[in-house]
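See below for the structure under consideration.
Everything numeric in this text was worked out from a predicted model, so none of it was measured.
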Amino acid sequence: MRTKKEECIIDEMGRVSLPSLFMQLTKLETNDKVLLRSCDDWIIIDHHDENVPVPSHIFIRTIDHMGRIVIPRSLRDDYELKPFDYVELYVVQQQIVMKKRDEKTIALSQKPVAPPPYYATLTGRQIQLTSELLTSVELDANMEVQFFINQKITL
């Protein structure tokens, strides 16, 4: 039975951020190894038991310190997942299941399309960052940060 649903975006590196609630429900933590396998239209993300042999068609990935996992290139190709595509995530029993959100669902959705997760705008002398970017680099809205711009000089 599906307990929760979230929509996420595949980033430019082929990663998906696992919602913290989903990690709690499935008892996953950062640095845990997970199995990714194909099942019909779904990619199944499940706990990895190092004592159980893994068939060659199943991938093992580690959840990084920010709760992200890299979807293997071959799975992204099989499911036609590209950077900034939306995916739907569900918790089913103790697993996270994921599939690409279809275009019909996107067109019918009342939710406005969000900008890419690593988006910044420059207005005058201020740089405005999206909440996704602030979260991904673990910054709060009231923190003071310093930026350096490195300009390449071509001869």
Side-chain angles (χ1 to χ4, degrees), residues 1-120 127 129-143 145 147-148 150:
M1 180 175 188
R2 294 180 183 166
T3 56
K4 296 287 178 190
K5 174 187 174 186
E6 286 282 334
E7 291 180 354
C8 297
I9 298 175
I10 302 277
D11 74 9
E12 67 277 0
M13 303 290 289
R15 298 175 297 200
V16 171
S17 292
L18 299 175
S20 58
L21 176 61
F22 283 28
M23 290 183 62
Q24 290 172 4
L25 291 171
T26 57
K27 297 180 174 70
L28 289 170
E29 296 179 8
T30 59
N31 298 318
D32 279 355
K33 293 194 181 305
V34 292
L35 300 175
L36 286 97
R37 62 186 167 87
S38 221
C39 183
D40 299 322
D41 292 339
W42 300 89
I43 295 173
I44 311 291
I45 302 165
D46 199 2
H47 293 268
H48 171 55
D49 181 354
E50 293 184 16
N51 300 320
V52 177
V54 178
S56 61
H57 66 281
I58 294 180
F59 302 91
I60 299 171
R61 293 294 183 264
T62 302
I63 299 173
D64 74 7
H65 69 285
M66 296 185 57
R68 301 173 300 198
I69 57 167
V70 176
I71 306 302
R73 164 81 60 198
S74 61
L75 282 179
R76 292 195 318 260
D77 291 345
D78 289 348
Y79 289 89
E80 298 177 0
L81 293 170
K82 299 175 291 310
F84 308 115
D85 276 350
Y86 282 89
V87 292
E88 296 174 350
L89 297 175
Y90 296 90
V91 173
V92 179
Q93 296 168 358
Q94 287 293 310
Q95 301 173 333
I96 297 174
V97 295
M98 174 177 69
K99 78 178 210 174
K100 183 175 181 177
R101 192 168 103 176
D102 66 30
E103 297 302 319
K104 293 176 196 165
T105 306
I106 295 170
L108 296 174
S109 174
Q110 297 297 319
K111 185 177 178 181
V113 176
Y118 303 105
Y119 189 73
I127 297 174
L129 307 174
T130 62
S131 59
E132 291 88 356
L133 178 59
L134 291 173
T135 302
S136 72
V137 294
E138 299 176 354
L139 292 174
D140 291 326
N142 296 324
M143 286 183 155
V145 295
F147 288 91
F148 296 94
N150 184 8

Where do [X] and [Y] come nearest, in terms of heavy atoms and distance?
X	Y	answer
Gly67	Thr30	N-CG2, 4.1 Å
Pro72	Leu36	CD-CD2, 4.1 Å
Thr62	Ile69	O-CG2, 4.1 Å
Val70	Arg76	CG1-NH1, 4.2 Å
Val16	Cys8	CG1-CB, 4.2 Å

Tell me, with the steps shown, if Lys5 and Glu88 meet side-chain contact (heavy atoms from CB on, under 4.5 Å). CA-CA 7 Å; Lys5 174 187 174 186; Glu88 296 174 350; 3.8 Å; yes
Distance check, rounded to the nearest 0.5 Å: [X] atom [atom1] versus [Y] atom [atom2]?
X	Y	atom1	atom2	answer
Asp40	Lys99	CG	NZ	10.0 Å
Met13	Ile71	CE	CD1	13.5 Å
Asp11	Ser17	CG	OG	7.0 Å
Ile9	Arg101	CD1	CZ	9.0 Å

With side chains defined as the heavy atoms from C-beta onward, is the minimum distance between [X] and [Y] less than 4.5 Å?
X	Y	answer
Ile96	Leu18	yes
Val97	Leu89	no
Lys82	Lys100	yes
Leu25	Gln94	no
Phe84	Ile10	no
Arg68	Ile63	no

For residues Trp42 and Tyr90, establish whether the separation of their ring centroids is below 6.0 Å.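 Ring centroids of Trp42 and Tyr90 are less than 6.0 Å from each other.
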Backbone N or O of [Y] within a donor-acceptor pair of the [X] side chain at under 3.5 Å?
X	Y	value
Lys33	Ile60	no
Arg37	His57	no
His48	Val54	no

What do the steps show when you test Phe59 against Leu35 for side-chain contact (heavy atoms from CB on, under 4.5 Å), and what is the final call? CA-CA 6 Å; Phe59 302 91; Leu35 300 175; over 6 Å; no
